[in-house]
There are 2 protein chains.
Amino acid sequence: MPSDAEPAPVSAKTPVTLREVAAAAGVSVATASKALNGQGRMTAETRERIRETARQLGFRPNHLAQSLLRKRSFTVGLLTNDTYGRFSLPLMAGVSDALVDNGVSVFLCNVEDDPRLGQMHVEAMLDKRVDGIIATGKRIDRHLPVDLSNLRVPVVYAFTQPDPGAVGLVSDDAGGARLAVEHFLRLGRRRIAHVSGPASFAVVHTRAQAYRDVLEEHSLPVSEPLLGQWSEGWGRDAVAKLFSNGRGREGWPDAVFCGNDQIARGVIDALRERGIGVPEDVGVIGFDNWEIVAEATRPPLTSVDMNLAALGREAGLALLSLVGGQPAAPGIRKLPCRLVVRQSCGRPPGG
Amino acid sequence: MPSDAEPAPVSAKTPVTLREVAAAAGVSVATASKALNGQGRMTAETRERIRETARQLGFRPNHLAQSLLRKRSFTVGLLTNDTYGRFSLPLMAGVSDALVDNGVSVFLCNVEDDPRLGQMHVEAMLDKRVDGIIATGKRIDRHLPVDLSNLRVPVVYAFTQPDPGAVGLVSDDAGGARLAVEHFLRLGRRRIAHVSGPASFAVVHTRAQAYRDVLEEHSLPVSEPLLGQWSEGWGRDAVAKLFSNGRGREGWPDAVFCGNDQIARGVIDALRERGIGVPEDVGVIGFDNWEIVAEATRPPLTSVDMNLAALGREAGLALLSLVGGQPAAPGIRKLPCRLVVRQSCGRPPGG
DNA sequence: CTGAAAGCGCTTACAG
DNA sequence: CTGAAAGCGCTTACAG
């Protein structure tokens with residue numbers, strides 16, 4: 001076989017099979033298979049000749065056939081009900097990132113909030129013999145509209161309520177809130193308010209509790225968190241309450257920790273409109289680190305980042321090890337958040 | 001077989017095979033297969049008995065095996081370089097929506113802008129014998145970092161530069177721009193400005209040209225479009241230029257058509273800060289209809305929606321028909337936009 | 001009307 | 001060192 005022969009174009013309309021490679025190399029299919037997989041015993045020369053033939057023919061093994069034999073499809077399903085959301089996206093990127101390196105592809109399924117659609121997708125994935133499933137959502141305190149509790153493949157939950165006995169990954173919201181409040185303290189702020197979303201969200205309470213804890217640990221006054229919507233409008237309304245003249249200027253906060261970035265943006269806009277300076281008079285911190293919002297506020301917003309991509313990676317790796325037969329401790333694992341400092345809090349007093 | 005027997009739980013750890021169904025029903029695998037697929041001739045009674053057995057055993061055919069035979073995997077690949085982006089998301093939802101109804105699952109692959117990663121993903125998909133590939137991006141004038149021009153499966157391009165001879169779907173940006181400008185005209189606005197993104201984007205010119213065309217058709221003055229960034233900051237800067245005192249109040253626009261929603265938000269904020277009323281004094285229209293932005297502006301923003309989900313659906317259906325062997329006219333197909341009216345333009349003069 | 005056989009593309013004991 | 005055989009789970013001509 002001349003060594004300057006060109007490799008066949010991948011574009012061949014019908015894929016070349018092992019049988020053809022074997023024929024071209026003058027060996028049996030079994031030998032060809034072994035040569036390419038590094039299995040069996042044979043002369044280095046034979047092995048290399050077969051490999052070279054395969055290369056020239058542009059041979060690529062049919063994974064469907066391999067999967068059938070191996071009982072492993074190198075495929076996983078990713079279930080979400082947050083297609084449009086900003087949460088599942090970075091998460092998915094992380095999942096896919098972790099899995100691609102291991103040669104596994106991911107089926108993306110959006111199940112909306114439709115149990116019938118969810119059921120359909122899960123069955124389709126099972127029929128296609130996925131090795132496992134990752135379920136992601138937009139809230140840790142809500143289930144996807146599907147029962148994944150008794151499947152014959154492992155399931156990992158990320159950012160959504162896990163079934164009992166299953167493994168779930170979430171961000172450490174309490175830790176994230178601590179990061180924010182402690183940052184304020186470090187900057188010398190002492191009258192710290194908290195404006196957050198609806199009481200119906202578990203994270204609202206988790207974050208509020210951490211806020212209280214930190215202040216109490218420092219023997220500072222805790223003002224009751226203001227709960228409302230996850231919106232800019234509510235952020236503006238909250239400013240009207242917090243900075244009312246009735247309260248007296250000295251009663252005004254010098255820092256506001258917000259439950260998400262949209263609230264924070266509303267807060268910053270309303271403060272500016274009242275002539276209150278950010279960060280000179282008041283520091284503001286958001287949650288989510290949604291760049292498109294955080295970078296557009298004036299000044300740019302310091303915000304807690306939940307490290308969703310990392311969370312996705314962990315979820316992917318956890319699933320992989322379950323698929324590989326490694327037992328995993330069931331229960332919820334919390335991953336740390338990080339604070340992304342921009343310009344809405346100012347510099348430390350002596351800084 | 002007692003009719004009140006419970007169907008086996010789907011959770012059986014090892015899936016039941018056709019062979020087991022056949023054995024339980026006392027027929028051959030061939031007959032069982034035909035019974036379940038509605039093929040072959042047999043008594044209705046036999047067929048029903050086999051079906052009932054399959055149901056009771058919780059039989060689900062192994063798609064890997066079926067695919068191997070049928071040479072069709074009912075699987076497609078979706079390639080994107082816009083994981084975090086708001087464009088590919090609705091688009092993906094549409095694609096997936098169109099395909100799920102046909103029993104096809106989609107592999108999602110984010111190739112970033114990395115040719116090596118792109119190559120890897122394409123090969124993985126091909127190895128898994130996808131029936132076809134949909135390539136989506138964030139710009140019609142940019143290629144994905146992969147060569148998809150000579151694959152052995154059909155490819156459809158959505159919202160990204162198609163290869164010559166391939167089929168591509170994009171939004172009709174000129175039409176969308178017309179929608180916006182004509183809406184202003186209908187409301188009696190006559191001094192319409194256009195603020196858009198960088199000149200390096202093809203859509204910037206397409207939309208600007210349509211803006212000019214409409215005004216010329218109505219013999220109205222065309223002011224040169226202001227090009228800058230796709231950002232709120234640029235929207236604010238543009239207002240400073242458009243509404244400078246030097247120009248004289250009577251030279252101020254009474255409408256601003258913006259190249260995207262972020263620019264529009266900057267424009268609205270800046271106008272409010274200058275005490276210019278929206279929509280009383282100036283109407284504003286954005287592009288993209290990115291709800292999170294459009295609904296948060298004060299007042300809420302009227303915006304051109306590119307119907308990306310519909311575009312995704314069309315892409316999915318186009319691919320399906322190509323996979324089915326139907327020839328498709330190559331070239332770019334443009335899908336209409338629609339105007340989503342909120343409150344940033346006011347009501348018609350006599351309205 | 002039903003079943004035995006061949007085969008999709010590959011891998012893996014098992015012989016020689 | 002290499003090959004023939006059996007088999008993954010299914011489908012589809014082809015006999016009977």
Side-chain angles (χ1 to χ4, degrees), chain A residues 12-51 53-54 57-75 103 126-131 152-153, chain B residues 12-51 53-54 57-75 103 124 126-131 152:
Chain A
K13 277 304 172 187
T14 158
V16 5
T17 69
L18 223 212
R19 178 206 304 277
E20 301 176 71
V21 174
V27 296
S28 70
V29 228
T31 304
S33 171
K34 279 173 284 192
L36 297 176
N37 296 324
Q39 303 292 328
R41 311 257 109 247
M42 69 192 70
T43 60
E45 191 205 338
T46 315
R47 193 181 295 276
E48 194 36 57
R49 178 165 47 88
I50 297 174
R51 290 209 161 139
T53 309
L57 261 35
F59 171 72
R60 309 228 88 215
N62 183 335
H63 279 36
L64 295 175
Q66 293 184 321
S67 300
L68 196 55
L69 267 315
R70 300 210 228 264
K71 309 202 159 310
R72 182 112 152 56
S73 64
F74 287 88
T75 272
L126 256 22
D127 288 348
K128 294 201 165 109
R129 294 306 188 258
V130 291
D131 298 329
R152 55 175 157 60
V153 297
Chain B
K13 278 302 173 187
T14 157
V16 2
T17 68
L18 223 211
R19 177 205 305 276
E20 299 175 70
V21 173
V27 295
S28 71
V29 232
T31 304
S33 171
K34 280 174 284 192
L36 297 176
N37 295 324
Q39 302 293 326
R41 313 256 107 248
M42 69 192 67
T43 59
E45 191 204 337
T46 315
R47 194 182 293 274
E48 195 35 59
R49 177 165 49 86
I50 297 174
R51 290 209 161 141
T53 310
L57 260 35
F59 171 72
R60 310 228 85 216
N62 183 336
H63 278 36
L64 294 176
Q66 293 184 321
S67 299
L68 196 54
L69 266 316
R70 300 211 228 264
K71 308 201 161 310
R72 181 112 149 59
S73 64
F74 286 88
T75 272
L126 255 20
D127 288 347
K128 293 199 166 112
R129 295 304 188 257
V130 293
D131 297 329
R152 55 175 158 59

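What's counted below: heavy atoms across the whole structure, side chains too, no hydrogens, waters or symmetry copies. In the text below, chain A, chain B and the rest are named by the order of the sequence lines, each starting its count at 1.
- For B:Leu68 and C:dT11, the CG to P distance is 12 Å, given to the nearest whole Å.
- Between B:Leu36 atom CG and D:dG9 atom P there is a gap of 16 Å when expressed in whole angstrom units.
- Rounded to whole angstrom, the span from the NE2 atom of A:His63 across to the P atom of C:dT11 amounts to 10 Å.
- The main-chain N or O of B:Glu45 is never found under 3.5 Å from a side-chain atom of B:Glu48 such that the two would form a donor-acceptor pair.
- In this structure the side chain of B:Thr75 never reaches within 4.5 angstrom of the side chain of B:Arg129, judged on heavy atoms.
- Base-pair partner of C:dA13: not found among the strands shown (Watson-Crick or G-U wobble, both distances under 3.5 Å).
- A sub-4.0 Å separation between OP1 or OP2 of D:dT12 and a side-chain N or O of B:Gln39 is absent.
- Residue A:Gln66 places none of its side-chain N or O atoms closer than 4.0 Å to OP1 or OP2 of C:dG9.
- Position along DNA chain C of the nearest nucleotide to B:Ser28 versus A:Asn37 favours B:Ser28 as the more 5'-ward residue.
- Within the 4.0 angstrom heavy-atom criterion, only backbone atoms of the sugar-phosphate kind lie near A:Thr46; the bases stay farther away.
- For the pair A:Glu45 CD and D:dT2 C1', the computed distance is 14 Å after rounding to whole Å.
- Atoms CZ (A:Arg70) and P (C:dA13) sit 13 Å apart, rounded to a whole Å.
- Comparing B:Arg129 and B:Gly26 by the nucleotide of DNA chain C whose heavy atom lies nearest to each, the residue mapping closer to the 5' end is B:Gly26.
- Taking 4.5 Å as the limit, every side-chain heavy atom of B:Asp127 sits out of range of all side-chain heavy atoms of A:Asn62.
- Annotation: of the two residues near DNA chain D, B:Lys34 and B:Phe59, the 5′-most nearest-nucleotide partner is B:Phe59.
- Nearest to the side chain of B:Leu69, among C:dT11, D:dG3, D:dG9, sits D:dG9.
- Rounded to an integer number of Å, the gap from CG of B:Leu64 to P of C:dT11 is 14 Å.
- More than 12 heavy atoms of other residues, nucleotides or ligands sit less than 6.0 Å from atom CZ of A:Arg72.
- With hydrogens and angles ignored, the 3.5 Å screen pairs no side-chain donor or acceptor of A:Arg47 with any backbone N or O of A:Leu36.
- What separates CZ of B:Arg47 from P of C:dG3 is a distance of 14 Å, to the nearest Å.
- Residue-level contact check: B:Thr17 touches the backbone only, with heavy atoms under 4.0 Å from sugar-phosphate atoms and none from bases.
- Contact check for A:Leu18 versus A:Ser33: side-chain heavy atoms found under the 4.5 Å cut-off.
- Under 4.0 angstrom from either OP1 or OP2 of C:dC8 there lies at least one side-chain N or O belonging to A:Arg19.
- Closest contact between the side chain of A:Thr43 and the listed nucleotides D:dT11, D:dT2, C:dC10 involves D:dT2.
- The base of C:dG9 does not come close enough to the side chain of B:Lys71 for any donor and acceptor atom to sit less than 3.5 Å apart.
- Within the nucleic acid shown, A:Thr31 comes within 4.0 Å of at least one base atom, counting heavy atoms only.
- Between C:dC8 and A:Asn62, no contact under 4.0 Å exists linking OP1 or OP2 to a side-chain N or O.
- The pairing partner recorded for C:dA4 is none, the criterion being a Watson-Crick or G-U wobble arrangement whose two distances lie under 3.5 angstrom.
- Which of C:dG3, D:dC10, C:dT2 sits closest to the side chain of B:Met42 comes down to C:dT2.
- Between D:dA4 and C:dG7, the two P atoms lie 16 Å apart (nearest whole Å).
- Rounded to whole Å, atom C1' of C:dC10 lies 13 Å from atom CD of A:Glu20.
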